[in-house]
Amino acid sequence: MSEESTTPDLVERTRSLWKAASQRDFEALMSFFASDAVWETTLDVLDGAAAIRERLEGWFGAFDELEFEPEEIFDLGNGVTLAVVNWSARPAGSSSSGGYMQRREALIGVWHEGMVTRA
């Protein structure tokens with residue numbers, strides 16, 4: 001009988017998280033976050049999955065179109081991932097022929113038992 005690892009593949013979990021984000025599937029997206037997860041931004045700190053969801057729903061609502069494309073995802077060990085993500089978006093109310101934004105970001109995730117505990 002072969003033994004399968006019970007350690008989640010964090011690269012695949014990270015890829016699935018970004019897929020859920022692109023689909024605006026908040027239930028699936030939030031299923032990756034521990035209830036006590038912390039998300040640090042350059043402006044503030046969001047404590048808990050409820051605060052993270054509220055912020056993300058508001059932010060996503062500012063766009064008619066929003067897509068995330070992971071460029072690279074690295075498992076750095078000890079439950080830490082680094083994702084380089086390209087995203088493109090069309091702000092709400094802008095014409096479909098223009099007004100697109102593009103951005104490239106690097107995001108760090110700290111995982112415990114397959115759940116994001118800090119971002």
Side-chain angles (χ1 to χ4, degrees):
M1 174 183 263
S2 68
E3 288 187 31
E4 291 188 32
S5 173
T6 58
T7 304
D9 181 338
L10 297 183
V11 169
E12 277 309 306
R13 295 224 12 108
T14 303
R15 191 175 317 285
S16 295
L17 181 152
W18 288 108
K19 181 178 179 182
S22 281
Q23 295 172 341
R24 294 185 186 221
D25 184 344
F26 285 102
E27 295 306 315
L29 178 57
M30 295 313 300
S31 74
F32 291 96
F33 290 89
S35 61
D36 60 347
V38 174
W39 187 315
E40 294 183 59
T41 72
T42 56
L43 301 175
D44 59 6
V45 176
L46 304 171
D47 286 313
I52 293 168
R53 182 181 181 131
E54 182 180 345
R55 174 67 58 85
L56 289 176
E57 284 178 342
W59 187 71
F60 279 45
F63 302 100
D64 286 336
E65 296 177 31
L66 181 60
E67 184 175 334
F68 301 95
E69 183 63 41
E71 180 180 318
E72 294 187 85
I73 302 171
F74 302 97
D75 183 338
L76 302 178
N78 296 315
V80 178
T81 57
L82 170 66
V84 178
V85 179
N86 296 299
W87 60 271
S88 59
R90 186 170 55 85
S94 66
S95 71
S96 61
S97 63
Y100 274 88
M101 302 167 50
Q102 294 184 327
R103 187 167 176 160
R104 182 176 187 229
E105 293 184 319
L107 298 109
I108 296 171
V110 178
W111 299 75
H112 180 73
E113 296 181 0
M115 304 291 288
V116 176
T117 58
R118 193 165 203 88

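Residues Leu66 and Val85 fall within the same hydrophobic cluster, defined by Ile, Leu, Val, Met, Phe, Trp and Tyr side chains chained together at heavy-atom separations under 4.5 Å. Residue Phe63 is grouped with residue Ile52 when hydrophobic side chains (ILVMFWY) are merged at heavy-atom distances under 4.5 angstrom, including chains of intermediate members. Hydrophobic clustering of Ile, Leu, Val, Met, Phe, Trp and Tyr side chains at less than 4.5 Å, counting indirect connections, unites Met30 with Leu46. Phe33 and Leu107 fall within a single hydrophobic cluster, where Ile, Leu, Val, Met, Phe, Trp and Tyr are joined by side-chain heavy atoms under 4.5 Å apart, directly or via other members.
Looking at Leu56 and Leu29, their side chains come closer than 4.5 Å, going by heavy atoms from C-beta outward. Residues Val116 and Trp39 fail the side-chain proximity criterion, which asks for heavy atoms closer than 4.5 Å. Contact of the Met101 side chain with the Ser88 side chain is not registered, since no non-hydrogen atoms from C-beta on lie closer than 4.5 Å. Using a 4.5 Å cut-off on side-chain heavy atoms (C-beta onward), Met115 and Arg13 make contact.
Listed here is the closest heavy atom pair of Gly61 and Ala92: O-CB, 4.2 Å. The two atoms that bring Thr14 and Ala83 nearest to each other are CG2-CB, 4.0 Å, heavy atoms only. Taking each heavy atom of Ala34 and Ala49 in turn, the nearest pair found is O-CB, 3.7 Å. For the pair Pro91 and Gly99, the tightest heavy-atom approach, listed with the atom from each and the gap, is CD-O, 2.8 Å.
Asn86 contributes no side-chain N or O that, together with a main-chain N or O of Phe68, makes up a donor-acceptor pair within less than 3.5 Å.
With sequence neighbours left out, the ring-ring contact (aromatic ring centres under 6.0 Å, His included) criterion links Phe26 to Phe60. Looking at residues two or more places apart in sequence or on another chain, you find a side chain to side chain contact (heavy atoms under 4.5 Å, CB included) between Leu76 and Phe74, Val80, Leu82. Trp18 pairs by the side chain to side chain donor-acceptor pair (under 3.5 Å) definition with nothing, not counting sequence neighbours. Not counting sequence neighbours, the partners of Asp75 by the side chain to side chain contact (heavy atoms under 4.5 Å, CB included) test are Leu10, Val11. Qualifying side chain to side chain contact (heavy atoms under 4.5 Å, CB included) partners for Ala28, counting only residues two or more places apart in sequence or in other chains: Ala20, Asp25. For Glu67, there are no salt bridge (Lys or Arg N to Asp or Glu O under 4.0 Å) partners at least two apart in sequence or on another chain.
Applying the side-chain hydrogen bond (donor to acceptor under 3.5 Å, both in side chains) test to every pair with at least one member in residues 45-59, sequence neighbours left out, gives these pairs: Glu27-Arg53, Asp44-Arg55, Arg53-Glu57. Counting only residues at least two apart or in different chains, salt bridge (charged side-chain N to carboxylate O under 4.0 Å, His left out) contacts with residues 15-24 comprise Glu12-Arg15. Residue pairs meeting the side-chain hydrogen bond (donor to acceptor under 3.5 Å, both in side chains) criterion with at least one partner in residues 101-119, sequence neighbours excluded, are Glu40-Arg118, Glu71-Arg104, Thr81-Trp111, Trp87-Glu105, Arg103-Glu105.
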